[in-house]
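Quick notes on the structure that follows.
The analysis underlying the following values was restricted to heavy atoms, covering all of them including side chains, and did not include hydrogens, waters or symmetry mates.
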Amino acid sequence: CDLLPVGYVFLKAVLEYPAKYGKRLVDDVKRWGDWVTQRLREDPIINEVYDKDVAVYIGSWEVKCPSCGRWTPLVGNWWLARVKGKEGYERLAWMEPKIVGERVEIEVVDLNRMLGSELLKEAEVRGTTVIAAGRQFRVPENNIEARRETATCLHCSQPIIQIDPETGKHYTETKNLPKDVKGRLKGYVKYVLELYNKGLGYGTNKELPPWVNETPARERLLVKVKVKQGDVEFEPCTEKDQEKLDLARKEIIRMLEMSDPDLPAEPIPIYEVRSIWVINYGMVEWYKLFNPRQLLTLVKLVKLIREAGKQIEQEKI
């Protein structure tokens, strides 16, 4: 017995139904599971927003620097792979930011490709320094410290610290500020993410201060991971990859406007201790816990599972 509905159904599925239905259940689960996944593969919008050869997309947030006004990704860890085996390192790869005009581009440094896997076994990693094949490499240091609510712009190297939500003015030093201004200050990164989640990210402008005329935060894809013949390859994401994420966002906006019942737009209960921290970033509805492409895929899955249920009932009749 379980008081939680999800736990109750789960226990029936793993304990009661297999004993009751045996192999027939296995066959039906496989049949309808295949039906759901095949319909998802054939979905035109899913085909548009995903590349078939990409296993994983690695991304982060980027914010508009309050000092220079340019977009800077916020990356807490530039490593892509740091795998050590019995004989030494098996894989070492990381990202490096490169300033190209007004944009931060990403370059992948893959020592397996550069030096070969055999030479990598003798490599040493000391913090952000990598010594391999007689050469020294530097892994970039993170440009955000979430706990301290501080970041650094990759363009101008200026610190990104606190903002006055009423005026939009950014402060790196608060020592001599009036008490009323000090009391209003918020961490810049946390605040602009809150603005994004309050509406700017999905095309609405609810509860936004008058000085905000565009989103100061957005999602940014950095690297895509491909698996070819059992080997992992890293590639920088392109503008085209970013456009696919934006296409998924437009579809989610359409679903929100239609009040799609399968999109989880219910509020997150603020009394729930385990999820209360997300409220600080403006994530006050369940759907905001996912990026647009994840959310679109999950909603499509829910719809297909519902449809499978209807077809199962019809078949039974």
Side-chain angles (χ1 to χ4, degrees), residues 57-76 97-106 142-174 177 181-222 237 239 241-250 252-253 256 268 277-285 287-295:
Y57 294 90
I58 297 170
S60 184
W61 289 97
E62 63 177 2
V63 301
K64 259 198 170 171
C65 173
S67 296
C68 69
R70 287 173 286 192
W71 289 100
T72 181
L74 304 174
V75 181
K98 300 291 180 184
I99 307 298
V100 180
E102 298 292 299
R103 181 176 165 84
V104 177
E105 298 288 355
I106 299 299
N142 61 308
N143 72 322
I144 181 168
E145 293 185 50
R147 288 184 182 277
R148 294 176 60 193
E149 296 187 11
T150 61
T152 304
C153 176
L154 294 174
H155 287 278
C156 64
S157 301
Q158 290 298 306
I160 300 171
I161 303 181
Q162 291 189 307
I163 187 172
D164 182 346
E166 282 191 14
T167 64
K169 190 172 180 181
H170 176 253
Y171 294 91
T172 57
E173 177 57 59
T174 62
L177 289 177
V181 175
K182 269 189 182 180
R184 294 198 302 263
L185 295 183
K186 287 188 175 185
Y188 181 88
V189 173
K190 183 183 286 186
Y191 184 66
V192 296
L193 292 183
E194 184 183 349
L195 290 180
Y196 176 94
N197 286 306
K198 274 187 174 179
L200 283 173
Y202 287 98
T204 58
N205 292 289
K206 296 181 289 185
E207 304 173 34
L208 298 178
W211 57 268
V212 177
N213 51 24
E214 62 177 341
T215 175
R218 63 188 184 189
E219 291 157 315
R220 167 76 188 271
L221 295 175
L222 302 171
C237 285
E239 284 289 341
D241 294 309
Q242 196 70 34
E243 286 169 8
K244 291 182 178 182
L245 192 66
D246 293 335
L247 179 62
R249 180 180 290 104
K250 288 175 184 175
I252 294 299
I253 291 171
L256 283 167
I268 297 173
W277 63 272
V278 299
I279 306 293
N280 297 328
Y281 293 87
M283 296 180 184
V284 292
E285 290 94 15
Y287 75 90
K288 291 175 180 174
L289 296 175
F290 308 93
N291 75 39
R293 188 157 44 189
Q294 292 170 332
L295 182 60

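- Leu256 places a side-chain heavy atom less than 4.5 Å from the side chain of Tyr287.
- Within a 6.0 Å sphere centred on NZ of Lys182, other residues, nucleotides and ligands contribute more than 12 heavy atoms.
- Of the charged side-chain nitrogens involved, at least one lies within less than 4.0 Å of a carboxylate oxygen, so that Asp246 and Arg249 count as a salt-bridged pair.
- Taking each heavy atom of Lys64 and Tyr188 in turn, the nearest pair found is O-OH, 2.6 Å.
- Checking side-chain atoms of Lys186 against main-chain N and O of Tyr191 turns up no donor-acceptor pair under 3.5 Å.
- Judged purely by atom type and a 3.5 angstrom limit, Ser60 uses its side chain to pair as donor or acceptor with the backbone of Leu74.
- Residues Arg220 and Trp61 are not in side-chain contact: their nearest non-hydrogen atoms beyond the backbone lie 4.5 Å or more apart.
- Separation of atoms NZ (Lys288) and CD1 (Ile252) is listed at 13.0 Å; rounding is to 0.5 Å.
- Considering only heavy atoms from C-beta on, Leu195 comes within 4.5 Å of Pro216 through its side chain.
- Closest heavy-atom contact between Ala217 and Leu193: CB-CD2, 3.9 Å.
- The existence of a salt bridge linking Arg103 and Glu239 is confirmed by a sub-4.0 Å separation between a basic side-chain nitrogen and an acidic carboxylate oxygen.
- Taking OG1 of Thr150 as the reference point, atom CD1 of Ile144 lies at 7.5 Å (rounded to 0.5 Å).
- Of all heavy-atom pairs between Val104 and Trp71, the closest is CG2-O, 4.0 Å.
- Taking CD of Glu149 as the start and CD1 of Ile160 as the end, the distance is 13.5 Å to the nearest 0.5 Å.
- Once rounded to the nearest 0.5 Å, the distance linking SG of Cys65 with CG of Leu154 reads 9.5 Å.
- Considering all non-hydrogen atoms of both residues, Ile99 and Gly101 come closest at CG2-O, 3.7 Å.
- A pairwise comparison of heavy atoms in Cys156 and Cys153 identifies N-SG, 3.5 Å as the closest pair.
- By the 4.0 Å N-to-carboxylate-O rule, Lys190 lies too far from Glu194 to be salt-bridged with it.
- Under a 3.5 Å cut-off, the side chain of Asn143 and the backbone N or O of Pro73 do form a donor-acceptor pair.
- Pairing each heavy atom of Cys68 with each of His155, the nearest pair is SG-CB, 4.0 Å.
- Side-chain atoms of Gln242 come within 3.5 Å of backbone atoms of Leu221 as a donor-acceptor pair (strictly under, hydrogens ignored).
- The side-chain heavy atoms of Tyr57 and Leu245, taken from C-beta on, include no pair separated by under 4.5 Å.
- How far CZ of Arg70 is from CD of Glu102: 5.0 Å, rounded to the nearest 0.5 Å.
- A salt bridge links Asp164 with Arg184: the distance from a Lys NZ or Arg NE/NH1/NH2 to an Asp or Glu carboxylate oxygen falls below 4.0 Å.
- To the nearest 0.5 angstrom, His170 atom NE2 is 6.0 Å from Ile161 atom CD1.
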